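Heads up, the thing below is written out as structure tokens.
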Amino acid sequence: MAASLVFRLHDRGPEVVREVLLERGWEEYDQEKCEEEDWNLYWRGSAFRNSEYHNLLPWQRLNHHPKTVGITRKDCLARNLRRMRATFGSALYDFSPTAFILPNDYTRFLSEYNKLRLTRGPSAYWICKPVDLSRGRGIFIFEDIKDLVYDCSVIVQRYVSNPLLISGYKFDLRIYACVKSFHPLTVYVHQEGLVRFATEKYNLSSLHNLYAHLTNTSINKFGPFYKTEKERVGQGCKWTMSKFRHFLHSQDINELLLWQRINSIVTLTLLTIAPSVPSCPNCVELFGFDILIDVKFKPWLLEVNYSPALTLDCQADITVKKGLISDLIDLMNYTLTDSLREKAYQRRGYTQPCFHLTPQPTKPAPTGKTLNLILSPHSRTKVSVVNRQTCPALAPWLADNRSPHVSEVTDRDDTEIEVEMELARETDVSSSIRDIPHRGLGFRRSKLPNIYRYRTTALNRQHIPPLRVGDFIRTFPFNTATLRASQHELDVKIVIQELHRVTAQLATSGRKLRREEEELKKDGEEDFDSLLWGPKEPPLLSQFFKPT
């Protein structure tokens with residue numbers, strides 16, 4: 001009898017994760033009935049302890065990578081962006097407003113404040129944010145330094161005072177980015193996101209009116225005009241990204257360039273911490289990037305959210321977040337059952353895993369058709385989309401007519417087989433899993449299997465992640481050069497050069513880029529293709545840059 005997949009939620013939430021997983025046939029972990037390690041996915045809103053990364057077992061996954069605070073805490077983000085700006089130039093890292101961390105940077109801030117007062121008069125605006133609070137708490141906007149009062153560590157930034165407005169209302173974009181791996185860096189951005197509105201019209205003469213200047217739902221849902229029809233905005237304070245695309249169509253702008261600039265912000269921000277994040281292959285991370293667009297259609301990074309809110313406050317939340325979590329589970333590449341976990345319990349003399357599925361009869365391998373084993377019956381991903389770059393051949397269990405319940409993941413590699421062989425060798429019940437000596441973060445005597453299986457091409461036998469899973473679009477690596485630059489030690493300089501090149505060509509013409517891409521390829525190599533994230537129907541980069 002095969003063991004079903006088990007999820008574990010910290011503090012009983014978030015509810016949408018529970019709902020999606022239960023719909024997919026998962027079982028929820030019950031600490032009174034299950035062994036402590038009898039789970040496949042542990043989801044929590046706060047950070048995991050170092051010991052929880054060290055003690056990961058081959059079948060277990062966590063929803064956070066270690067040490068990502070470098071972009072999710074406001075002061076750390078400001079420091080890292082400042083460092084990258086000094087290293088690679090302010091022209092490239094110009095997407096975040098000038099920031100000062102107080103009280104340490106007070107002298108620098110005072111100098112900048114006085115300089116702007118002399119050159120621009122009193123029309124320079126600033127925003128003050130506590131470094132470690134979320135949901136808009138403690139934020140205020142000021143023009144005169146006498147109004148700067150704080151009792152904790154804060155960052156003060158130039159306030160983007162010329163935001164793009166819709167019917168007079170300020171808004172920002174919540175972009176969902178998933179980092180499947182930091183080593184090699186592998187990033188997906190979701191096609192759906194949220195557009196979050198202020199609920200009163202923008203007005204610089206009322207800086208203390210948070211309902212006009214902040215877009216946080218946690219604030220605006222208590223505003224007096226939350227349920228009021230607000231011209232084009234409508235009721236509430238949220239749109240889906242799909243609705244925002246319709247708005248963009250009415251604007252005379254280069255939409256593809258705007259999407260690429262937002263995508264570059266995500267990648268450039270992740271590059272600030274990618275080399276320093278420890279490798280932990282059984283982790284995944286969902287970040288929430290908050291992007292403001294100004295009246296010139298320049299995108300600005302406001303902050304990066306650790307554990308972005310998954311509460312369902314309105315229909316836009318339901319539409320976006322249920323699909324987001326469903327696609328995230330597809331991206332994690334689970335199959336319906338997990339016999340690896342069950343075998344570990346059998347080999348070590350533990351009790352059986354507490355949840356089981358009725359065994360399915362073995363079926364002959366189908367012919368003439370590639371299967372996508374990532375997807376559950378509740379998946380939103382089309383088989384043809386994933387198969388294009390995910391499953392070029394039959395999976396191992398199909399090739400030899402075995403049951404699909406042999407492994408937790410779609411494909412098997414030598415590392416996973418090694419783990420199973422080790423489990424088979426260790427028949428001494430007294431040898432507890434906890435006693436296996438560690439070898440680095442997330443590793444035991446045998447390293448954890450790589451849970452993300454990609455096809456291998458002639459590109460120096462490198463692994464290529466699928467270009468799309470559901471509405472998740474692979475945004476990194478995005479070409480041959482960035483694939484190579486991320487395979488071993490991340491070459492940040494090359495990645496930044498490629499990002500700049502793609503964005504510059506999107507702003508002008510793609511002919512030169514296409515020729516350069518072809519020059520990068522060597523004889524016998526396959527094309528490495530990517531989709532341009534953002535548009536309703538994302539084009540392949542190779543199609544977009546095809547010479548005319």
Side-chain angles (χ1 to χ4, degrees), residues 1-10 12-44 48 52 55-64 178 180 281-284 286 310 322 324-348 350-360 371-381 386 395-397 402-412 416 419-420 423 433 448-453 469-470 472:
M1 184 176 293
S4 64
L5 294 166
V6 178
F7 66 92
R8 182 177 180 180
L9 300 181
H10 182 68
R12 300 289 299 168
E15 186 59 37
V16 67
V17 175
R18 174 183 289 105
E19 184 177 339
V20 168
L21 290 174
L22 290 176
E23 286 177 357
R24 287 168 162 261
W26 288 53
E27 300 284 351
E28 185 166 5
Y29 176 83
D30 185 340
Q31 63 180 2
E32 295 182 358
K33 298 179 180 179
C34 300
E35 298 282 351
E36 183 180 354
E37 294 153 332
D38 188 14
W39 49 267
N40 298 89
L41 172 63
Y42 190 180
W43 186 293
R44 64 185 297 166
F48 290 99
E52 291 174 299
N55 295 330
L56 269 180
L57 295 170
W59 57 84
Q60 296 176 331
R61 309 187 198 180
L62 306 178
N63 72 311
H64 293 302
C178 174
K180 288 185 64 175
N282 279 29
C283 297
V284 69
L286 183 67
L310 293 174
K322 287 199 69 174
L324 173 72
I325 297 302
S326 182
D327 289 343
L328 181 64
I329 301 303
D330 283 344
L331 199 57
M332 294 175 73
N333 207 25
Y334 281 106
T335 52
L336 295 178
T337 60
D338 176 17
S339 63
L340 184 59
R341 186 177 99 247
E342 185 177 38
K343 286 179 182 178
Y345 277 75
Q346 291 173 344
R347 302 303 185 193
R348 297 189 179 281
Y350 284 171
T351 59
Q352 290 285 329
C354 56
F355 299 113
H356 293 82
L357 293 177
T358 304
Q360 302 294 322
L371 296 186
N372 168 34
L373 307 181
I374 295 176
L375 311 179
S376 78
H378 294 277
S379 170
R380 297 157 10 100
T381 305
V386 179
W397 64 263
R402 287 184 291 154
S403 164
H405 302 315
V406 296
S407 175
E408 166 202 13
V409 292
T410 299
D411 302 313
R412 297 156 61 82
E416 184 174 349
V419 171
E420 288 193 347
L423 290 175
I433 290 179
L448 292 175
N450 182 357
I451 60 175
Y452 303 119
R453 311 292 190 231
V469 177
F472 270 114

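Keep in mind the model is a prediction, meaning the values are calculated, not measured. No hydrogens, no waters, no symmetry mates; every other heavy atom, side chains included, goes into these values.
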Problem set entry | Residue pair L41 / R8, side-chain heavy-atom distance below 4.5 Å | no

Problem set entry | Side-chain touch C283/N63, heavy atoms, less than 4.5 angstrom | no

Problem set entry | Partners meeting side-chain hydrogen bond (donor to acceptor under 3.5 Å, both in side chains) with E52 (sequence neighbours left out) | none

Problem set entry | Atom pair CG (L5) and CG (N40), whose distance is rounded to the nearest 0.5 Å | 4.5 Å

Seminar exercise, completed: SG of C178 to CG of L331, rounded to nearest 0.5 Å, is 5.0 Å

Exercise. Rounded to the nearest 0.5 Å, how far does CE of M332 lie from CG of D327?
Worked result: 13.0 Å

Exercise. Hey, what do you get for CG (D30) to CD (E28), rounding to the nearest 0.5 Å?
Worked result: 8.5 Å

Exercise. Pick one: which of L62, L310, L21 meets side-chain contact (heavy atoms from CB on, under 4.5 Å) with W43?
Worked result: L310

For this session: Would you please name every residue forming a ring-ring contact (aromatic ring centres under 6.0 Å, His included) with Y42, sequence neighbours left out?
Result: W39, F48

Exercise. When rounded to the nearest 0.5 angstrom, what is the spacing between CZ in F7 and CD in E27?
Worked result: 8.0 Å

Problem set entry | Nearest atoms (heavy-atom pairs only) where V16 meets K322 | CG2-CG, 3.7 Å

Problem set entry | Contact check, side chains of L324 and L286, non-hydrogen atoms, under 4.5 Å | yes

Problem set entry | Approximate separation, where rounding is to 0.5 Å, of I325 CD1 and E23 CD | 12.0 Å

Exercise. Can you name the residues that form a side-chain hydrogen bond (donor to acceptor under 3.5 Å, both in side chains) with R44, not counting sequence neighbours?
Worked result: H10, S46

Exercise. Is R61 close enough and on-axis enough to Y334, meaning under 6.0 Å and within 45°, for cation-pi?
Worked result: yes

For this session: Please tell me if the side chains of V17 and L9 come closer than 4.5 Å, counting only heavy atoms from C-beta onward.
Result: yes

For this session: Could you tell me whether D330 and R24 have a side-chain N and a carboxylate O separated by less than 4.0 Å?
Result: yes

